[in-house]
Amino acid sequence: EIKGFKSFGDKVIINFDEGITGIVGPNGCGKSNVVDAIRWVLGEQKPTAIRTEKMENLIFNGTKARKASGLAEVSLTFENTKNLLATEFSTVTISRHYFKTGESEFRINGVPCRLKDIHSLFVDTGISTDSYAIIELGMLDDILHNKDNSRRKLFEQAAGISKYKMRKRETLNKLTATQLDLDRVEDILFEIENNLKELEKQAKKAQRYQRLKTDYKINSIDLAVLMLQSNKEVFKQLSNQQTYESDNKSAAETEINALEASIADKKALIIAKEQQLHDQQKELNVLLEDIRSKESENSVSRERIKYLEEKEIALTKSIADTTAIIENTKNDIVALEQKLAEEQEKLATIKLSLQTFLQELEVVKNEHNEVRKQLEAEQNNFKNAEKELYEIDKKIAVNKVRLENYHRELGNLDGEILQQNERINPLLEDINKWTTEHTEAKTVYDTLVQNENVLKEKIHLAQQDLESMRKELADARRKLDAKRNEYQLTKNLFDSFEGFPESIKYLKKNVASMKDAPLLSDVVNTDDVYKTAIESYLDQWLNYYIVNDLAQAVSAINELDRNDKGRANFFLLNEFNGTNISLPQINGLTSALDVVNVNTNYTSLIKHLLGHVMIVSDDAQFAEIAAQIKNDFPHVHLLSQSGKVIKSGKSVTGGSIGLFKGK
């Protein structure tokens with residue numbers, strides 16, 4: 001389980017079930033990161049070993065579409081059903097977490113542990129950070145070029161020797177550490193021997209100290225006895241003095257009791273005095289309270305006086321201003337009085353004239369009253385007539401105004417009608433034109449909408465086709481990459497004779513007479529159905545060279561011997577005559593020669609190898625058919641179609657078929 005580790009932002013679970021030996025995919029998809037994750041969770045401490053500069057780079061760094069992860073975590077789960085791991089759990093999960101803060105922790109089944117605990121758990125299992133049980137791309141080059149003796153390490157791990165080497169190395173390290181400790185012990189012993197003389201001196205000093213301490217103790221006891229005797233005499237003197245002081249004390253106590261009695265009487269008087277003082281204190285408190293209230297009133301009065309003084313100053317100023325105004329007013333009064341006198345004189349003259357005028361006015365008033373009465377009568381008549389005339393004129397004026405308004409409104413209406421008619425005609429034409437254009441536009445719009453819907457449907461279908469074509473293209477590219485990789489791998493294996501013995505490689509590359517000589521595996525071919533069976537039967541001869549005669553084989557053997565390149569096997573074509581062998585005719589049996597395709601040059605060889613071999617199509621009938629032909633055809637070899645069972649004469653071979661059988 002990988003999450004937040006390098007390119008794995010999301011949680012990824014990879015199940016290594018039976019039959020899975022590796023992970024394949026295009027370049028840059030994260031195959032090597034899976035190997036790095038396995039090495040890392042097993043305890044790899046070197047960043048360069050997992051293709052990074054520092055451990056912080058292991059955490060998923062985020063993309064434009066998503067933020068970075070906060071930690072990298074990898075878990076590796078083993079099914080411990082065969083008890084290969086030294087623990088009582090049937091399922092063991094080891095985990096490693098690395099946080100952005102730089103903290104790292106290991107866990108076994110969710111329980112925090114040390115790196116040493118993980119190493120101890122996988123000891124003797126062949127699983128570790130530098131184990132060839134986990135092979136990355138760079139290790140293939142190291143193995144092929146035998147860098148740092150990597151092939152030897154691979155074989156040692158496969159043979160189980162590496163754990164003993166590790167134990168040997170640990171034991172040597174312990175022996176080295178023990179030797180260092182022994183050297184240190186010798187140094188300490190040397191130092192101790194150097195310190196022994198000093199310790200002897202110190203021991204002598206200690207013994208002298210003990211003797212002096214004993215003498216000191218004896219002398220101290222003698223001194224204490226002498227001091228005790230002198231102290232006894234002093235004690236007697238002090239006892240006598242104590243008796244004398246006790247008598248004095250008794251007399252003093254009697255005197256003290258008398259004094260205490262007099263003090264009690266005085267205390268009673270004092271209590272009475274205190275009661276009087278308490279009453280007087282209350283009266284004093286009342287007086288003080290009155291004084292405080294008076295002082296408070298006095299403060300208020302002072303504030304009031306201060307306010308009145310300020311008001312007095314303001315009033316004084318106002319009085320001064322008012323006095324000035326009064327002086328000015330008096331001057332004005334004097335002037336007015338003078339003017340009043342002059343006016344009174346004028347008034348007296350006017351009054352005299354007024355009396356004369358009043359008399360004349362009285363006469364005129366009488367005349368006027370008569371005339372006014374007549375005038376009022378005429379005025380009333382005139383007013384009535386005027387009123388009637390006014391009503392008539394008003395009606396006439398109103399009717400004229402109405403008539404004028406009617407004529408004016410009629411003229412305006414005629415003009416407006418003409419103007420509206422002039423305006424309506426173009427509008428009607430525009431409306432007709434717009435109606436036509438709207439109808440045409442609506443038709444075009446409906447057509448465009450239908451076309452748009454058709455185009456959308458076509459685009460949707462095209463997108464679906466494009467998506468499916470993209471998927472098909474991706475599948476095709478993936479298959480192409482797989483085929484290319486398979487072709488390249490097969491070509492590399494073929495060119496380098498991978499899996500063949502060193503002797504065959506040497507003869508193919510260095511001996512001219514053997515370059516064109518085929519191997520048995522080169523000349524035999526058959527259908528996929530029978531490949532596993534034929535390969536299982538011919539397995540022991542597939543790496544045999546096919547040569548023309550003994551001389552060619554001996555020449556090749558001499559070359560191998562001179563260059564110390566191992567052993568090789570050869571079929572001599574001139575030694576085979578291709579004799580036909582009688583075979584049983586039973587349903588379910590097929591002759592191996594009938595299913596094999598081979599060049600006519602090698603027919604006699606193939607008849608020799610497969611002429612007496614029959615293939616059983618149904619594995620369940622193998623034993624039954626073998627029993628039928630046992631007596632009549634003892635020379636026939638039976639072969640199951642799956643290749644799991646081979647019966648050769650009186651022996652039977654069979655069992656599990658490897659993953660690469662028939663390939």
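What's counted below: heavy atoms across the whole structure, side chains too, no hydrogens, waters or symmetry copies.
Glu535 contributes atom CD, which lies 9.0 Å from atom CG of Leu538 (distance to the nearest 0.5 angstrom). Atom-to-atom distance recorded for Ser32:OG and Ile50:CD1 is 12.5 Å, nearest 0.5 angstrom. Here the CG atom belonging to Leu85 is positioned 12.0 Å from the OG atom belonging to Ser120, to the nearest 0.5 angstrom. Atom CE of residue Met514 and atom NZ of residue Lys509 lie 15.0 Å apart, to the nearest 0.5 angstrom. Separation of atoms CD1 (Ile606) and OG1 (Thr600) is listed at 12.0 Å; rounding is to 0.5 Å. If you take CG on Asp465 and CD on Glu472, they are separated by 9.5 Å, rounding to the nearest 0.5 Å.
Looking at every heavy atom in both residues, Ala533 comes nearest to Ser640 through CB-O, 3.4 Å. Trp40 approaches Ala72 most closely through the heavy-atom pair CH2-O, 3.7 Å. Closest approach of Met614 and Ser591 over heavy atoms only: SD-CA, 3.7 Å. The nearest pair of heavy atoms linking Ala553 to Val547 is CB-CG2, 4.0 Å. Counting all heavy atoms, side chain and backbone alike, Cys113 lies closest to Ile118 at SG-CG1, 4.1 Å. Pairing each heavy atom of Gln552 with each of Ala517, the nearest pair is NE2-CB, 4.2 Å.
Salt bridge Lys531/Asp528: present, at least one basic N to carboxylate O contact under 4.0 Å. In this structure, Glu559 pairs ionically with Arg562, as a charged nitrogen and a carboxylate oxygen lie closer than 4.0 Å. Contact check on Asp475 versus Arg470 returns no salt bridge, with no Lys/Arg side-chain nitrogen under 4.0 Å from an Asp/Glu carboxylate oxygen. Look at Arg51 and Asp36 and you find a salt bridge, because one of the NZ, NE, NH1 or NH2 atoms lies within 4.0 Å of a carboxylate O, short of that distance.
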Practice task
Begin with the C-alpha distance, continue with both residues' side-chain angles, and end with the deciding distance and a verdict on side chain to side chain contact (heavy atoms under 4.5 Å, CB included) for Leu610 and Val596.
Solution key: CA-CA 9 Å; Leu610 299 177; Val596 171; 3.7 Å; yes
Handout entry: Val92/Leu121 under side chain to side chain contact (heavy atoms under 4.5 Å, CB included): CA gap, chis, key distance, verdict
Key = CA-CA 10 Å; Val92 180; Leu121 181 64; 3.8 Å; yes
Problem - Audit row: Arg66, Asp10, salt bridge (Lys or Arg N to Asp or Glu O under 4.0 Å) steps and yes/no - result: CA-CA 11 Å; Arg66 58 183 300 170; Asp10 297 322; 2.8 Å; yes
Handout entry: From CA spacing to verdict: side chain to side chain contact (heavy atoms under 4.5 Å, CB included), Asn485, Val24
Key = CA-CA 10 Å; Asn485 293 333; Val24 297; over 6 Å; no
Practice task
Start with the C-alpha gap between Asp594 and Tyr530, add the side-chain angles, then the distance that decides, and say whether side chain to side chain contact (heavy atoms under 4.5 Å, CB included) holds.
Solution key: CA-CA 11 Å; Asp594 295 338; Tyr530 301 102; over 6 Å; no
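Checking side-chain atoms of Asp522 against main-chain N and O of Pro518 turns up no donor-acceptor pair under 3.5 Å. Although no hydrogens or angles enter the test, the distance criterion places no donor-acceptor pair under 3.5 Å between the side chain of Glu79 and the main chain of Thr81. Judged by distance alone, with hydrogens and angles left aside, the side-chain atoms of Asn558 form a donor-acceptor pair with the main-chain N or O of Val554 at under 3.5 Å.
Not counting sequence neighbours, the partners of Tyr545 by the ring pair (Phe, Tyr, Trp, His ring centres under 6.0 Å) test are Phe570. Taking Asn574 as the reference, Asp549, Leu572 meet the side-chain contact (heavy atoms from CB on, under 4.5 Å) condition, with sequence neighbours excluded. For Phe78, the ring pair (Phe, Tyr, Trp, His ring centres under 6.0 Å) partners are Phe122, not counting sequence neighbours. In this structure Asn599 satisfies the side-chain contact (heavy atoms from CB on, under 4.5 Å) test together with Asn601, Tyr602, sequence neighbours excluded.
Counting non-hydrogen atoms of neighbouring residues, nucleotides and ligands closer than 6.0 angstrom, the CG atom of Asp17 exceeds 12 such neighbours. Heavy-atom neighbours of Asp516 CG from other residues, nucleotides or ligands within 6.0 Å: at or below the threshold of 12. Other residues, nucleotides and ligands contribute more than 12 heavy atoms inside 6.0 Å of the CD atom of Gln464. Other residues, nucleotides and ligands place no more than 12 heavy atoms under 6.0 Å from the CG atom of Asp564. Other residues, nucleotides and ligands contribute more than 12 heavy atoms inside 6.0 Å of the NZ atom of Lys31.
Proximity of Thr52 to Leu58: side-chain heavy atoms (C-beta onward) are separated by under 4.5 Å at one or more points. The shortest side-chain heavy-atom distance between Ile534 and Ile615 falls under the 4.5 Å cut-off. At a threshold of 4.5 Å between non-hydrogen side-chain atoms, the residues Leu589 and Leu638 count as touching. Side-chain contact between Ile546 and Leu519 is absent, with no heavy atoms from C-beta onward closer than 4.5 Å. Taking 4.5 Å as the limit, some side-chain heavy atom of Leu520 sits within range of a side-chain heavy atom of Leu609. Between Trp541 and Val524 there is no side-chain heavy-atom pair separated by less than 4.5 Å. With contacts defined as side-chain heavy-atom distances shorter than 4.5 Å, the pair Asn80/Thr91 does not qualify. Within the 4.5 Å cutoff, side-chain heavy atoms of Gln179 are placed close to those of Asp183.
Between the side chains of Asn33 and Ser7, at least one donor-acceptor pair of N or O atoms lies under 3.5 Å.
Each side-chain hydrogen bond (donor to acceptor under 3.5 Å, both in side chains) pair with one or both residues in residues 106-116, not counting sequence neighbours, appears once here: Glu105-Arg107, Arg114-Asp117. Sorted by first and then second residue, the pairs that involve residues 92-101 and meet side-chain hydrogen bond (donor to acceptor under 3.5 Å, both in side chains), not counting sequence neighbours, are Gln45-Arg96, Glu56-Tyr98, Glu73-His97, Ser75-Ser95, Thr77-Thr93.
Between Phe571 and Tyr544, the two ring planes are tilted [angle within 30° to 60°].
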